[in-house]
Amino acid sequence: MVRRLEGKVAIITGGGSGFGAGIAAKFTQEGTKVIITDLSQDNGTKIAQSLGCDFLRADVTKREDWEAVLEHAIDTFGRLDIVVNNAGATYSNKPTETVKDDEFDMCFHVNVRSLYLSSSVLLPYFLENDRPGCFIQIASTAGLRPRPGLTWYNASKAAVSNATKTMAVEYAPNKIRFNAVCPVVGSTGMTHLFLGKPDTEENRKAWVSTIPMGRGSTPKDVANACCYLASEEAEFITGVNLEVDGGRCV
Ligand SMILES: NC(=O)c1ccc[n+]([C@@H]2O[C@H](COP(=O)([O-])OP(=O)(O)OC[C@H]3O[C@@H](n4cnc5c(N)ncnc54)[C@H](O)[C@@H]3O)[C@@H](O)[C@H]2O)c1
């Protein structure tokens with residue numbers, strides 16, 4: 001069987017949990033050498049061991065950590081092809097006037113500064129070596145069709161979508177592609193924060209009722225979309241926000 005990402009090298013941030021772990025599993029199956037990064041040493045190590053891939057503890061908001069991850073990719077595999085900016089953060093759903101400074105800062109640091117740093121540290125590698133590259137950001141339907149109570153999370157994801165489009169047109173002549181995948185609510189480590197209450201089937205009902213296909217997104221749904229965007233089949237696709245949302249944004 002031909003594997004769709006054979007011989008590629010990928011960094012997947014936040015790969016210790018949820019969608020990131022699903023993307024790492026799919027990419028590994030499809031022949032990619034994967035480097036998972038995460039804040040959580042325990043989760044990252046566990047997932048990496050189960051998949052037989054590499055793990056580096058790295059904070060996406062720190063320049064020196066991005067530099068260490070790039071160095072690891074080059075020293076270990078001699079190249080880098082794909083970057084999945086998946087790590088994300090939010091505060092718990094609440095009235096916007098009650099959001100605290102540190103909660104606002106967290107959304108923009110983890111969700112947006114991470115993209116700034118990944119482009120600042122990694123783009124020179126692709127440009128100086130005249131290599132094609134593929135950046136995939138995990139944005140959200142929250143940035144396209146927001147729900148109440150998550151204003152600054154939603155706004156940070158809209159920034160992710162916008163930055164993705166800008167970089168797509170800026171680096172298209174260099175064959176460096178930038179795309180975003182926009183999942184609808186799923187059941188991961190962050191879901192209780194989106195709901196503002198425990199992640200149970202009962203509590204998810206109201207959100208899921210607004211999804212025409214009648215269920216939330218899964219790590220497999222998100223991983224399949226990322227695999228397509230990372231593959232040669234998507235060589236002419238750049239600047240898209242691919243909604244993986246069962247029709248929620250229609
Ligand atoms: N779960 C949903 O309903 C949903 C919907 C749309 C988009 N998303 C987005 O999907 C992405 C993945 O989230 P998830 O739902 O799998 O949640 P998750 O909590 O299961 O996984 C997020 C991972 O990111 C890591 N992380 C957080 N801050 C980090 C940092 N500063 N540096 C490195 N790693 C860090 C966490 O340790 C965790 O392992 C996020 O960008 C999220 O905004 C989630």
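All figures in this text were calculated on a predicted structure; none of them were measured in a lab. Counting starts at 1 for both ligands and their atoms, following the listed order.
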Next on the checklist: Using a strict threshold of under 4.0 Å (side-chain N to carboxylate O), is an ion pair present between E232 and R4?
Outcome noted: no
Checklist entry - In terms of residue, atom name and distance, what is the protein heavy atom nearest to atom 33 (C) of ligand 1? => result A58 O, 3.3 Å
Item to check | Enumerated ligand 1 atoms positioned under 4.0 Å from heavy atoms of S140 | outcome: 6 (C), 7 (C)
Checklist entry - Which residue owns the protein heavy atom closest to atom 40 (C) of ligand 1, what's the atom, and how far is it? => result N86 O, 3.1 Å
Checklist outcome for this item: Closest to atom 7 (C) of ligand 1 by heavy-atom distance, out of A139, A142, G88, is A139
Checklist entry - Among protein heavy atoms, which lies nearest atom 19 (O) of ligand 1, and at what distance? => result M190 CG, 3.3 Å
Checklist entry - Are K62 and D65 ion-paired here, with the side-chain N under 4.0 Å from a carboxylate O? => result no
Checklist entry - Counting each atom of ligand 1 from 1 as listed, which ones have a heavy atom of G18 under 4.0 Å away? => result 16 (O), 20 (O)
Checklist entry - Is the shortest heavy-atom distance from the side chain of L229 to the side chain of L242 under 4.5 Å? => result yes
Next on the checklist: Suppose we measure from atom 1 (N) of ligand 1 to each protein heavy atom; which comes out shortest, and what is that distance?
Outcome noted: T188 OG1, 2.9 Å
Checklist entry - Ion pair present between K100 and D105, side-chain N to carboxylate O less than 4.0 angstrom? => result no
Next on the checklist: Polar contacts were defined as any N/O atom of the residue lying under 3.5 Å from an N/O atom of the ligand; does this apply to D59 and ligand 1?
Outcome noted: yes
Checklist outcome for this item: Under 4.0 Å from one or more heavy atoms of F194, ligand 1 contributes atoms 1 (N), 2 (C), 3 (O), 4 (C), 44 (C)
Checklist entry - Do V222 and V208 belong to the same hydrophobic cluster, where Ile, Leu, Val, Met, Phe, Trp and Tyr are linked whenever their side-chain heavy atoms lie under 4.5 Å apart, directly or via other members? => result no
Checklist entry - In terms of residue, atom name and distance, what is the protein heavy atom nearest to atom 26 (N) of ligand 1? => result A87 CB, 3.9 Å
Next on the checklist: Salt bridge check, K205 against E201: does any charged N sit closer than 4.0 Å to a carboxylate O?
Outcome noted: no
Next on the checklist: I'd like to check which ligand 1 atoms, numbered from 1 as shown, lie under 4.0 Å from a non-hydrogen atom of G14.
Outcome noted: 23 (C), 24 (O), 25 (C)
Checklist outcome for this item: Looking only at protein heavy atoms, what sits closest to atom 34 (N) of ligand 1 is L39 N, 3.4 Å
Item to check | Short N-O contact, E235 and K175, less than 4.0 angstrom | outcome: no
Checklist entry - Looking at P183, which atoms of ligand 1 are within less than 4.0 Å of one of its heavy atoms? => result 5 (C), 6 (C), 7 (C)
Next on the checklist: Under 4.0 Å between a side-chain nitrogen and a carboxylate oxygen: does that hold for R57 and D38?
Outcome noted: no
Next on the checklist: Testing the 3.5 Å rule here: is there a donor-acceptor pair between the side chains of T141 and R147?
Outcome noted: no
Checklist entry - Charged N to carboxylate O below 4.0 Å: is that the case for R131 and D81? => result yes
Checklist entry - In the protein, which heavy atom is nearest to atom 38 (C) of ligand 1, and how far is it? => result D38 OD2, 3.6 Å
Item to check | atom 18 (P) of ligand 1: nearest protein contact (heavy atom, Å) | outcome: S17 OG, 3.6 Å
